[in-house]
Amino acid sequence: MTSVPISVPGGADRCLVMGVVNVTPDSFSDGGLWFDEKAAIQHGLELVQEGADLVDVGGESTRPGAARVSLEEELARVVPVIRALHAEGVAVSVDTMRAEVAKAAVEAGARLVNDVSGGLADPEMPRVVAATGVPYVVMHWRGHSHDMDSRAVYADVVTEVREELAKRVDLVLAEGVTEQQIVLDPGLGFAKNAEHNWTLLAGIPQLAELGYPLLIGASRKRFLGRLLAGPDGAPRPFSRSDDATLAVTALAAQAGAWCVRVHEVGPNADAVRVAAAWKRAGANT
Ligand code: PMM
C-alpha cells in the first residue's frame, strides 16, 4: 500500500480522523452552523482539541438535490478559514470539486485535496493536484447532487465502484498525480442507496485491494437514520445518529480504513484508538 505523507502528531499507527467544517448555509447535517468565518475557524480549532488529525473545510454543499455555488463564493467561503487554521498549525484539507479552489486552498496552507468527484467535475483538477504534490482523495462519483439519486443503479456495487475507481486512478496518474498522492473513497450516499452503502462498507477489504489508502465518510448520512427508524418508520434524525457513526468508525478502522471523515470528532477519535489497540493486541498473540 502507498503511504500518504500526512504526518500525524505522535506518528500514530491507526486510522486517522478527519473533522468536518462545512462553511455552507445548507449542508445536510451542519449547514449554517459554521457559515460565519469566525465560527468556522473556532469550530476547526475545537475539532483539533477533540482529536482530529485533519480538518476538512468545504464551501459547497453536496447534499442530495443541492445546487452549485459560484467559484467566487466558494473561494470566499473557504480560503480565509483555511489560511487561519493553517496559521494555527492545523492540518487542513479542502473539500472541493474545483481546480481553482484546490489551488488557492493549497496556497493558503491546505495539505490535502478532497475531491468528491474524483476529478470528474473539473478536468483541470488532476493536473492542478499533480502540481501541488499534496495527497488527493479520489471519491467514487457519478454526477452532481441534483440528480445523483437516479444514478444509484448497480448490479454488483462493490465490483462496479472498484472498477470505476480504478479507471479514475488510471486517469489521474496519466495527468501526473503520483501513486503516493492517491487516497480512494467509495463515496457513501453519492449515487448510492442505503443497501449500496452497507455493501460497500462490508466490501472495504475488496476496495483496499486496489492498493491505496481508503477514506470512509459515513458520518450522519441518511442510511444511518433509516437503519435506526422508529416503529412508525420515520428515519432517526441525523442529530441522533452520531452513535451509529461511531460504530461505523470502529468497524471501518478494524477493516483497515486509513481515515474516517466525521462531524463529531471526540468519540470517533476514541473509537479509532480502541480499534488500534485491539489490532495491536491481536498482532501480538
Ligand atoms: N461526504 C460529504 C462531503 N464530502 N468527502 C469525502 N471524501 N467522502 C465523503 O463521504 C463525503 C465528502 C457529504 O457529507 P456532509 O455534507 O454531511 O459533510
Side-chain angles (χ1 to χ4, degrees), residues 4 6 15-35 40 43-44 47 52-69 74 77-78 92-98 101-102 105 110 112-121 125 129 134-142 144-145 148-149 161 165 168 181-192 194 196-197 200-201 204 207 212-225 237-239 241-242 244-245 248-249 252 257-265 268:
V4 173
I6 287 280
C15 178
L16 302 186
V17 177
M18 173 188 274
V20 181
V21 178
N22 285 320
V23 194
T24 58
D26 59 342
S27 283
F28 181 60
S29 77
D30 59 354
L33 284 178
W34 326 116
F35 191 40
H43 187 53
L47 294 182
D53 301 298
L54 274 165
V55 172
D56 193 37
V57 177
E60 179 169 40
S61 169
T62 50
R63 75 184 153 74
R68 300 215 62 188
V69 296
E74 192 183 349
R77 289 180 186 181
V78 300
V92 183
S93 65
V94 61
D95 187 344
T96 185
M97 292 184 264
R98 287 190 169 111
V101 176
L112 181 148
V113 172
N114 175 23
D115 176 3
V116 299
S117 81
L120 278 166
M125 183 67 105
V129 174
V134 301
Y136 180 36
V137 178
V138 175
M139 200 189 83
H140 179 264
W141 189 83
R142 284 186 166 181
H144 284 288
S145 300
M148 67 179 172
D149 287 348
V161 166
L165 280 174
R168 297 312 302 159
Q181 282 176 272
I182 296 175
V183 175
L184 298 180
D185 182 334
L188 302 179
F190 288 80
K192 282 107 193 161
H196 297 141
N197 292 335
L200 285 166
L201 285 168
I204 285 177
L207 297 172
Y212 295 95
L214 289 179
L215 189 147
I216 300 293
S219 182
R220 296 186 176 172
K221 287 192 175 161
R222 288 179 302 173
F223 75 112
L224 300 177
F238 66 80
S239 56
S241 71
D242 281 328
T245 298
V248 173
T249 288
W258 169 75
C259 183
V260 288
R261 181 182 180 280
V262 296
H263 298 85
E264 206 194 34
V265 164
N268 286 283

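Whatever order the structure lists them in is the order used to number ligands and atoms, beginning at 1. Only heavy atoms go into these numbers, but all of them, side chains included; no hydrogens, no water, no symmetry mates.
- For ligand 1, the atoms closer than 4.0 angstrom to any heavy atom of L215 are 7 (N).
- At a threshold of 4.5 Å between non-hydrogen side-chain atoms, the residues L184 and L207 do not count as touching.
- Heavy-atom separations between M139 and ligand 1 include at least one value shorter than 4.0 Å.
- Between K221 and ligand 1, an N or O atom pair is found at a separation short of 3.5 Å.
- In summary, the atoms of ligand 1 found under 4.0 Å from a heavy atom of G217, numbered by their order in the structure, are 10 (O).
- Close approach to T62 involves these atoms of ligand 1, each under 4.0 Å from a residue heavy atom: 2 (C), 3 (C), 13 (C).
- Residues L200 and H140 form no side-chain contact, since every pair of their non-hydrogen atoms from C-beta on lies 4.5 Å or further apart.
- Considering backbone and side-chain atoms alike, S219 places every N or O at 3.5 Å or more from each N or O of ligand 1.
- In terms of polar-atom proximity, defined here as any N/O pair under 3.5 Å, D56 makes no such contact with ligand 1.
- A donor-acceptor pair under 3.5 Å is absent between the side-chain atoms of S219 and the main chain of T245, judged by distance alone.
- In this structure, the side chains of D53 and V17 come closer than 4.5 Å at one or more pairs of heavy atoms.
- Ligand 1 places these atoms under 4.0 Å from at least one heavy atom of N114: 5 (N), 6 (C), 7 (N).
- Close approach to V137 involves these atoms of ligand 1, each under 4.0 Å from a residue heavy atom: 7 (N).
- Side chains of N197 and K221 form no contact here, defined as non-hydrogen atoms less than 4.5 Å apart.
- Taking each of D185, I216, N22 in turn, the one with a heavy atom nearest to atom 8 (N) of ligand 1 proves to be D185.
- A salt bridge between R222 and D149 is present, with a side-chain N of the basic residue lying under 4.0 Å from a carboxylate O of the acidic one.
- In this structure, the side chain of E60 engages the main chain of V69 through a donor-acceptor pair within 3.5 Å.
- The atoms of ligand 1 that sit less than 4.0 Å from any heavy atom of H263 are 15 (P), 17 (O), 18 (O).
- Scored by the side chain to side chain contact (heavy atoms under 4.5 Å, CB included) test, D56 finds M18, S93, D95, N114, R261 as partners (sequence neighbours excluded).
- Taking every heavy atom of V116 and a limit of under 4.0 angstrom, the matching atoms of ligand 1 come to 4 (N), 5 (N), 12 (C).
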